[in-house]
Amino acid sequence: MQDKIISILKKENLNREDLIILLSANAVDTELIYKKAAEIKSKHIGNCTYFRGLIELSNVCTKNCYYCGIRRGNKKVKRYTVSDDEVLQVVRYALDRNWGSIVIQSGERQDAKFINRIEDLLRKIQALSSEKIGVTLSLGEQEIDTYDRWLEAGATRYLVRIESSNEDLYYQIHPKDKLHKFELRKQALIDLRNAGYITGTGVMIGLPYQTMGDLADDLLFMKEYDIDMCGMGPYIEHEDTPLYRYNDVLLSVSERYNLTLKMIAILRILMKDVNIASATALQAINPDGREEGIRCGANVIMPNITPIKYHDAYNLYKGKPQIIAETDEYIKKLEEQINEAGDLVGYGELGDPLHFKNRTKP
Ligand code: SAH
Ligand code: SF4
């Protein structure tokens with residue numbers, strides 16, 4: 001089997017079968033995949049990891065995804081929204097530390113009040129940072145006009161995870177109604193790209209009944225959509241969600257963790273110059289999980305800079321790290337681990353994916 005893996009890793013174009021073989025590799029052979037991913041990362045984008053300060057803006061959500069702890073139907077959740085002043089305070093924190101970018105993430109809302117508020121907030125952030133800080137949005141599906149307005153107000157990147165590229169699986173983890181349409185989720189990626197955003201997607205790994213073939217298709221989906229960035233992480237069950245009832249058919253937590261690292265490494269092999277985030281959900285399983293992601297080909301880490309008082313309430317999944325904010329001491333340790341993994345931290349740089357620059361070159 002090792003010979004087979006070695007010969008696949010030498011190929012220029014990987015097909016679905018190749019991907020399934022790589023995803024099924026044993027622990028020893030997996031090291032070969034990680035090594036190859038690390039080589040490609042070093043050669044094509046360099047050994048640099050970027051920090052993005054993550055702001056979990058609000059857990060108010062109009063959707064009801066079956067896996068998510070802050071879904072509309074979870075009445076146990078105390079809903080919150082971070083104020084503009086509080087956001088600006090943490091943006092200042094990121095600026096003071098010379099991080100090039102922030103990410104604003106939230107439950108999904110499409111009402112005018114929300115859209116206007118985000119637009120105003122983006123302008124305030126740009127004013128505060130003298131237009132120096134990169135802003136990624138992760139605010140769910142929106143109308144084209146909204147994407148345009150937010151781009152105009154200063155956002156440059158947008159992340160909408162497809163969650164699973166298998167339509168059947170998508171509808172096993174989402175209600176089949178007009179709020180959760182697979183076609184619209186895909187359309188969002190096309191609209192964002194057409195609007196001019198640096199566009200990202202991603203999937204959850206280890207969903208109930210997800211197969212290696214599904215994961216191979218997820219990787220091919222990202223290639224086909226020619227995405228610029230990817231954030232993917234292990235599915236982690238939440239007891240107050242409908243998907244929890246499939247708990248006994250899940251891969252073990254450590255299998256989901258290892259499979260996520262493999263997905264990161266294989267995506268790096270497949271798409272050499274994209275940005276890949278080492279997801280927070282990895283850290284929920286292993287305190288050093290995000291750093292391991294860096295070793296396997298990821299180049300972005302999103303330290304959570306949401307004001308601490310809100311951390312408990314943004315509970316997407318069980319065991320989400322309730323970090324004592326990411327204190328200076330913690331960030332210092334994180335940087336040391338990134339260095340140990342062979343990377344430097346890209347301070348003062350936007351860290352836009354080379355893939356976007358290459359694909360939009362005149
Ligand atoms: N509402 C926006 C952004 C916030 S949710 C959206 O859905 O696009 C951000 C991501 O959290 C989702 O895309 C999903 O992949 C992830 N997530 C939610 N519940 C999860 C769970 N139980 N385990 C792992 N990831 C989860
Ligand atoms: Fe809302 Fe996003 Fe959670 Fe779905 S995944 S319920 S859209 S926050």
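Atoms within a ligand are numbered from 1 in the order they appear, just like the ligands themselves.
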Inset, instruction - Would you check if the distance from the ring center of Y244 to the ring center of Y66 is below 6.0 Å? - result: no

Inset, instruction - Would you check whether V160 reaches within less than 4.0 Å of ligand 1, judged by its heavy atoms? - result: no

Legend entry - Proximal ligand 1 atoms for Y235, defined as those under 4.0 Å from one of its heavy atoms: 22 (N), 23 (N), 24 (C)

Inset, instruction - Say whether L159 and M204 are linked into one hydrophobic cluster, either directly or through other cluster members, by side-chain heavy-atom distances under 4.5 angstrom. - result: no

Inset, instruction - Report, as yes or no, whether the 6.0 Å neighbourhood of atom CD1 on I6 holds more than 12 heavy atoms from other residues, nucleotides or ligands. - result: yes

Inset, instruction - Just need the protein heavy atom nearest to atom 4 (Fe) of ligand 2, so name the residue and atom and give the distance. - result: C65 SG, 2.3 Å

Inset, instruction - Would you tell me which option among E163, K63, Q105, R185 has the nearest heavy-atom contact to atom 6 (C) of ligand 1? - result: R185

Legend entry - S138: which of R157, E108, Q105 passes side chain to side chain donor-acceptor pair (under 3.5 Å): Q105

Inset, instruction - Tell me, please: is G107 in heavy-atom contact with ligand 2, that is, under 4.0 Å? - result: yes

Legend entry - contact_flag G231 ligand 1 heavy-atom lt 4.0 Å: no

Inset, instruction - Report the part of Y314 in contact with ligand 1, treating N, CA, C, O as backbone and CB onward as side chain, heavy atoms under 4.0 Å; options are side chain, backbone, both, neither. - result: side chain

Legend entry - Single-linkage hydrophobic cluster M263~Y34, side-chain heavy atoms < 4.5 angstrom: yes

Legend entry - Any protein heavy atom nearer than 4.0 Å to atom 6 (S) of ligand 2: yes

Inset, instruction - Number the atoms of ligand 2 from 1 as they appear, then name those within less than 4.0 Å of a heavy atom of I70, with their elements. - result: 8 (S)

Legend entry - E349 atom CD: more than 12 heavy-atom contacts under 6.0 Å: yes

Legend entry - Exceeds 12 heavy-atom contacts within 6.0 angstrom, atom CG of N13: no

Legend entry - ligand 1 atoms in contact with R161 (distance to a heavy atom under 4.0 Å): 13 (O), 14 (C), 15 (O), 16 (C)

Legend entry - Residue, atom name and distance, where the atom is the protein heavy atom closest to atom 22 (N) of ligand 1: I236 O, 2.7 Å

Inset, instruction - Run the numbers for me: atoms of ligand 1, each under 4.0 Å from some heavy atom of S138, listed by number. - result: 3 (C)

Inset, instruction - Measure M204 to ligand 1 on non-hydrogen atoms and call it side chain, backbone, both or neither using the 4.0 Å cut-off. - result: side chain

Inset, instruction - Nearest 0.5 Å please: distance from the CD1 atom of I331 over to the CD1 atom of I305. - result: 9.0 Å

Legend entry - Protein contact to atom 3 (Fe) of ligand 2 [nearest heavy atom, distance to 0.1 Å]: C68 SG, 2.4 Å

Legend entry - Taking atom 24 (C) of ligand 1 as the reference point, the nearest protein heavy atom with its distance: P234 O, 3.3 Å

Inset, instruction - Drop me the distance from I269's CD1 to I40's CD1, to the nearest 0.5 angstrom. - result: 5.0 Å

Legend entry - Value rounded to 0.5 Å, distance of CG in N304 from CZ in R52: 15.5 Å

Legend entry - Beyond-backbone contact of R193 with D226, side-chain heavy atoms, under 4.5 angstrom: yes

Legend entry - Nearest protein heavy atom with distance in Å, relative to atom 11 (O) of ligand 1: L316 CD1, 3.4 Å

Legend entry - Proximity winner for atom 1 (N) of ligand 1, if only heavy atoms of S106, A281, S164, A279 are counted: S106

Legend entry - Part of C65 with heavy atoms under 4.0 Å of ligand 1, whether side chain, backbone, both or neither: neither

Inset, instruction - Among all protein heavy atoms, pick out the one at the shortest distance from atom 2 (Fe) of ligand 2; state its residue, atom name and that distance to 0.1 Å. - result: C61 SG, 4.6 Å

Legend entry - Atoms in ligand 2 with a heavy atom of K63 nearer than 4.0 Å: 6 (S), 7 (S)

Inset, instruction - Could you tell me whether Y67 and ligand 1 have an N or O pair separated by under 3.5 Å? - result: yes

Legend entry - Enclosure of K43 NZ (heavy-atom neighbours >12, cutoff 6.0 Å): no

Legend entry - Pairing of E291 and K333 as salt bridge, 4.0 angstrom limit: no

